[in-house]
Every structure is written in C-alpha cells, then in structure tokens.
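Below, all heavy atoms of this structure are taken into account, side chains as well, without hydrogens, waters or symmetry copies.
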Amino acid sequence: MLNNQGRPTQPEKASASYRTFTGNRGLQMEEALIFETGRLDVTGVDCEVPAAFTARLGGLERRAALDLPGLSEPEAMRHYVRLSQKNYSIDAGLYPLGSCTMKHNPRLNEKMARLPGFADIHPLQPVATVQGALALLAQLGHWLTTMTGMAAVSLVPKAGAHGELCGMMAIKTAIAARGEAATRRVVLVPDSAHGTNPATAALIGFEVRAVPARADGTVDPAAVAALMGPEVAAIMLTNPNTCGIFERDIVAIAEIIHEGGGYFYCDGANFNAIVGKTRTGDLGVDAMHINLHKTFSTPHGGGGPGSGPVVLSARLAAFAPVPFVRASEAGLELVEHVTGQSFGRMSAFHGQMGMFVRALAYMMSHGADGLRQASEDAVLNANYVRVCLNDIMSSPFGARPCMHEALFDDEWLKGTGITTLDFAKAMIDEGYHPMTMYFPLVVHGAMLIEPTESESLASLDLFIMTLRDLAFSAQRGETERFTGAPHLAPRRRLDETRAARAPKLRWTPPLPAAAAE
Ligand SMILES: *Cc1c(COP(=O)(O)O)cnc(C)c1O
C-alpha cells in the first residue's frame, strides 16, 4: 500500500477487510513519519543564494549535508494537522478518564492566558514591570487558601506529583527542624493510593508502609492507629480517595497522626468533588496539592502544562519554598532568596504562568457559588452514570453513592472470556476514549469513570446507552466484538509493553534494497 507521497505505508493496519489503495480510511489520513515523506530536494521556503562571503566561524562551519526532511509549505501544514487529528481530546468528545478530571476548558481561559501582559513577559524582568502578573499570583493564592482554609500556598510546583514532592519536602524539613530527622523515617500510604504518593515518599528517602483498605474502600482509623509510632513522619491520604469515596473518618485519622507527632499530607487531585463543600484545613490537613489542570480546567495528561500548587497549614507555612509573592511598601515583590526555615528552591522560576491565568479565569468566571455547583454537578453526573449502569456492571463496594467518579470491577465479565482491556478497546470503536482501567490497583479489573460536570444529560445518556449496548453484547457472548477490538481504529492492539520497555526513539533509514538482500 502507498501513502499520499507514493511511499509504502506501515504494516499493522486497521482490521476492516475493506482495503484502500492509499491506506487512508475515508477522510482519516494515514500519515507516515516526516523522515519518510520528506525529500532533500524540496523546501518550504525560497531563499536567495547568498553572495560570496567569507565564513567567520573559525573552521567550525558545517561540512556534511543537514539531511533535514524537506516538504513544501502545504505538505508541512498537512503533516502536522493530520498528526494533531490523531489525538483524542476533550474538545472532540467525552473523555471519561477517571482520576484525571478531563473537563471542558472554557475558551475564556485561553483568551486571558494569551493576553500579552501575561503571555509575553519574562521571568527575569524587573518586578516593577510585572506588578500585574504578581497581583494575579497573589489573587490566585488567595482563592486557593480561602477555598481550602489553609494558612499558606506555594505556586511553584509544576504538576500534582511535583506538588507532592513540595509538600513532603516541607514536612521533611519541619521534622528535621524538630531534631527528628534520624528517627521519623516512615510514611504511611493506603494501598489504594496513586502511584505518585509512595514514589514521592521514597524519592526523598522515606520508607513507605502500606495501610490496608477496609472492605468498603476507605481507610480505617484503627488501622492507622496500629501503624502509628514515633518513627512515622506522615501519612499521605487521598480525599476523596481513588475509589471515588469520601474518607469519612479523615478527622479521626488526622488526630491520630497529630497525636503521634506526624504530619498529614492530603493528595488533593480529587478536589473537584469537594470545592466549596469541604475545607481542607478543617479536616486537619497539613499540606495538600491541588491539580489546577484537573480541578480548575485545562486537560490533564498530554493536553498541555500542568500546575500543582501546595497549600500548607500554619505548622508548615514557614517551610515553603522560594520564590513567593509578598506585599511590601514598594508594591508586590517576589521573594527569591531563601531565608528562615524555607526548604529552598524546587525550580528555576515561579511555576506555570499560563496555568495560573487559566485557573484564576476559571475561578472568577464561576464565582464561589459556581465553583461549588461545579463540584455538585460533577458528583451528580458520576452518580447518574453509576445508577444507570449498576444493574448490569458490578461495583466493588456495593451500590452506594460515590463522589465524582463511578468505579466498577470486572466481576460481571466473569465467564465471558472478555477482560476490562477488551471492553475498553471496544469503546474506541464506538468513538469513546476508554475510562481509566486497572486503577485503583486494589480493585480487580477496575474501570474508573469520571464524566465531570462538563457533560450534558444528552451526552451522558448516549454514553450510558453505548456502555449498556456493549455490556449486553458481552453477556450475550459476542466475544469477537471485544477481543478483536478496536476493529475500526487506524491501529489495533499495539504491543504496549514492548513500546514501554524497548521504545524506538530514533528513526533509521531503511536499507537500500541491494544491501537488504
Ligand atoms: C493526577 C493525580 C496525581 C498526579 O498529578 P500529576 O499532575 O499527573 O502529576 C496524584 N494523585 C492523584 C490521586 C491523581 O489523580
């Protein structure tokens, strides 16, 4: 088969028995690597041949050809546009990826983030010339501390996991300041936690000890009490947890940790379910990251940069990293130098400006009441999905209300020969990005669905009817619809393990026919 440039396309096509000459499927273009389609004799720009000159590069000028793939301007344009169309996105359809809060990103956010006063400034500009940007940081910080009822905030971390690192470094520094660095070396992490939690604790030298979950998917204060001791520095607890359930004993757990001399780190990635309903500070939390790129719109994952500010309790505020914004006589200043108990600096500059603008635009356009309603609608939508599917799909913790995500297991697929993975692949044929699969790890064959508040009733109904159709089909024994899926995608089952373990990161030109023989 040939692609548009008359070159052979790659193997492993979509399954349809119907084959096309070009490899394209309808208006879905097959797109080869730019190195395969580019030709050295083609260029997208017309440059005049320079007049004779003497190089002044001290003999360092290039001698060999550059070998860049050449394309005309329209070919280059099509290449990148076609690649962009291969990406599923929240702008294209419902994106039910649990634990990621893939909500609509209002275009107003984008418009604000592109204002030159925010987009075109430089981090090394004199602070007197960026007072507006600093005021935005201060205001965003004010919203975050107000929403969470916490004493301080650091806007430095660039993602959720980076926020965990920031909060845990503040905790580690606070423990060292008490002279307990050598003895308090253990961090408790429930076994349902996101993998970044134990990874963060381990990265900065703590020993991780797992807290088992109760039968209903929550953490039992008695289990925490049994593990608490003078060697425990902190607990890292997610709330609502990764099973989509509010940790109802969170205050009791905080008390146990505090009485034992430890700190309470809360993973706030699921904050979307409780904004305006519950204040983190009232629960006894000492540090919590907030994924601006989940809770306050802009998609999580490959959709752009993230931002993971950390809010801190009064006990930890003094240990926050630099830089941070402070009001002074002369206006707002950016405190760059480590003073007092600050644990230092995590990155060169002050976080993700574009994300700060988007998050504040989202907050201000919603208002306090609107943010609370967004959380209520997110929880309502998840429960609607749960109730509309729980007669046919099984839930690990019984048919009880969830927060912003509906969790199913694979018990209902038993005996069908169909796995969670097969079911997810069949969703692709129906035009849906799959839900989160096999996470949380504590649930067998987990399917974690997070519709978010963005979806209308009509959109949810179509999604639910699609899943019901698939579920009935699975139970009727129409196995091939699943085990062969995706039937209609440009690529089918990829060897994901090999892609992760032995990634091919460099393109090498194919051997000439003669050499290959
Ligand atoms: C998304 C998420 C994280 C990590 O956030 P990143 O921004 O991806 O680094 C941590 N914990 C939980 C529960 C999450 O859902």
**Item:** Test log, rule side-chain hydrogen bond (donor to acceptor under 3.5 Å, both in side chains), inputs Thr37 and Glu75
**Value:** CA-CA 9 Å; Thr37 54; Glu75 284 170 339; over 6 Å; no
**Request:** Run the numbers on His444 and Tyr438 for ring pair (Phe, Tyr, Trp, His ring centres under 6.0 Å), then give the verdict.
**Result:** CA-CA 7 Å; His444 199 270; Tyr438 302 104; 8.0 Å; no
**Request:** I would like to know whether His258 and Tyr263 meet side-chain hydrogen bond (donor to acceptor under 3.5 Å, both in side chains); could you show each step before the answer?
**Result:** CA-CA 6 Å; His258 288 155; Tyr263 290 92; over 6 Å; no
**Message:** Under the criterion side-chain contact (heavy atoms from CB on, under 4.5 Å), I'd like the reasoning laid out for Ile392 against Gln475: C-alpha separation, chi angles, the key distance, then a yes or no.
**Reply:** CA-CA 9 Å; Ile392 179 156; Gln475 293 189 344; 3.9 Å; yes
**Verdict with reasoning, Asn24 to Gln28, per side-chain hydrogen bond (donor to acceptor under 3.5 Å, both in side chains)** = CA-CA 6 Å; Asn24 299 334; Gln28 236 189 64; over 6 Å; no
**Message:** Please determine whether side-chain contact (heavy atoms from CB on, under 4.5 Å) holds for the pair Met353 and Leu137, giving the CA-CA distance in whole Å, both sets of side-chain angles, and the decisive distance to 0.1 Å.
**Reply:** CA-CA 8 Å; Met353 189 67 201; Leu137 302 188; 3.9 Å; yes
**Message:** Between Asp191 and Arg209, does the salt bridge (charged side-chain N to carboxylate O under 4.0 Å, His left out) criterion hold? Intermediate values first, please.
**Reply:** CA-CA 9 Å; Asp191 51 15; Arg209 207 167 283 170; over 6 Å; no
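Lys158 and Ser307 share no side-chain donor-acceptor pair at under 3.5 Å. Judged purely by distance below 3.5 Å, without hydrogens or angles, the side chains of Thr200 and Glu164 pair a donor atom with an acceptor atom. Side-chain contact of Ser394 with Asp409: a donor-acceptor pair under 3.5 Å is present, judged by distance alone. Using modelled atom types and a 3.5 Å distance limit, the side chains of Asn381 and Glu453 yield no donor-acceptor pair. Using a 3.5 Å distance cut-off with no hydrogens or angles, the side chains of Asn272 and Lys103 do pair a donor with an acceptor. Inspection of the Glu405 and Ser99 side chains reveals no N or O donor paired with an N or O acceptor under 3.5 Å. A side-chain N or O of Ser297 and one of Asn109 form a donor-acceptor pair less than 3.5 Å apart. In the model, Gln373 has a side-chain atom that pairs as donor or acceptor with a side-chain atom of Asp377 under 3.5 Å. A donor atom on one side chain and an acceptor atom on the other are found under 3.5 Å apart for Asp286 and Ser313. No side-chain N or O of His104 forms a donor-acceptor pair with one of Asp91 less than 3.5 Å apart.
Within 6.0 Å of CZ on Arg107 lie more than 12 heavy atoms contributed by other residues, nucleotides or ligands. Atom CZ of Arg468 has more than 12 heavy atoms from other residues, nucleotides or ligands within 6.0 Å. Within a 6.0 Å sphere centred on CZ of Arg501, other residues, nucleotides and ligands contribute 12 heavy atoms or fewer.
Centroid-to-centroid, the aromatic rings of Tyr362 and Trp143 stay 6.0 Å apart or farther.
Looking at Ile245, Thr436, Val443 one by one, the single match for side chain to side chain contact (heavy atoms under 4.5 Å, CB included) with Leu407 turns out to be Val443. None of Asn239, Leu283, Leu237 except one satisfies the side chain to side chain contact (heavy atoms under 4.5 Å, CB included) rule with Ile253; the exception is Leu237. The salt bridge (Lys or Arg N to Asp or Glu O under 4.0 Å) test with Glu30 singles out one residue from Arg82, Arg19, Arg491, and that residue is Arg491.
Annotation for Asn270 and Pro240: closest pair ND2-O, 2.7 Å, computed over non-hydrogen atoms. Closest of all the heavy-atom pairs between Cys166 and Ser154 is SG-OG, 4.2 Å. Between Pro309 and Val153, the shortest heavy-atom contact is CB-CG2, 4.2 Å. A pairwise comparison of heavy atoms in Ala382 and Met403 identifies CB-O, 3.4 Å as the closest pair. The two residues Val251 and Asp282 have their closest heavy-atom pair at CG2-O, 4.4 Å. Residues Leu470 and Ala426 approach most closely at CD2-CB, 3.8 Å, considering heavy atoms.
A donor-acceptor pair under 3.5 Å links the side-chain atoms of Asp495 to the main chain of Arg498, judged by distance alone. A distance-only check finds no donor-acceptor pair linking the side chain of Ser473 to the backbone of Asp469 [under 3.5 Å]. Without hydrogens or angle criteria, Thr466 side chain to Leu462 main chain gives a donor-acceptor distance under 3.5 Å. Judged by distance alone, the side chain of Thr416 and the main-chain N or O of Ile418 form a donor-acceptor pair under 3.5 Å. Remark: side-chain polar atoms of Glu450 are not paired, donor with acceptor, to backbone N or O of Ala406 under 3.5 angstrom. Distance alone, capped at 3.5 Å, places no donor-acceptor pair between the Thr420 side chain and the Met437 backbone. No donor-acceptor distance shorter than 3.5 angstrom exists from the side chain of Thr295 to the backbone of Leu292, with no hydrogens or angles considered. The backbone N or O of Leu94 sits less than 3.5 Å from a side-chain atom of Tyr88, completing a donor-acceptor pair. Listed for the Asn291 side chain is no donor-acceptor partner under 3.5 Å among the backbone atoms of Gly308.
In this structure, Glu411 pairs ionically with Lys414, as a charged nitrogen and a carboxylate oxygen lie closer than 4.0 Å. Between Glu31 and Lys86 there is no salt bridge, since no side-chain N of the basic residue sits under 4.0 Å from a carboxylate O of the acidic one. Using a 4.0 Å cut-off between charged side-chain N and carboxylate O, Arg493 and Asp422 make a salt bridge.
Contact of the Phe408 side chain with the Leu448 side chain is not registered, since no non-hydrogen atoms from C-beta on lie closer than 4.5 Å. Counting heavy atoms from C-beta outward, Lys425 and Ile428 have side chains that approach closer than 4.5 Å. A 4.5 Å side-chain heavy-atom check between Met435 and Met427 finds at least one atom pair inside the cut-off. The side-chain heavy atoms of Ile90 and Asn105, taken from C-beta on, include no pair separated by under 4.5 Å. Residues Leu144 and Phe271 have side chains not in contact (no heavy-atom distance under 4.5 Å, counting atoms from C-beta outward). For the pair His404 and Thr452, the minimum side-chain heavy-atom distance is 4.5 Å or more. Put simply, the side chain of Met168 reaches to within 4.5 Å of the side chain of Val187, judged on heavy atoms. Phe397 has its side chain within reach of Cys243: a pair of non-hydrogen atoms, C-beta onward, lies under 4.5 Å apart.
Arg386 pairs by the side chain to side chain donor-acceptor pair (under 3.5 Å) definition with Asn383, not counting sequence neighbours.
Using cut-offs of 30° and 60° on the angle between ring planes, the pair His194 and Phe439 is perpendicular.
Expressed to the nearest 0.5 Å, how far CZ of Arg358 lies from OG1 of Thr298 amounts to 6.5 Å.
Every pair passing salt bridge (charged side-chain N to carboxylate O under 4.0 Å, His left out) that includes a residue from residues 214-223 is listed here, sequence neighbours excluded: Arg214-Asp216, Arg214-Asp220, Arg214-Asp249, Asp216-Arg248, Asp216-Arg400.
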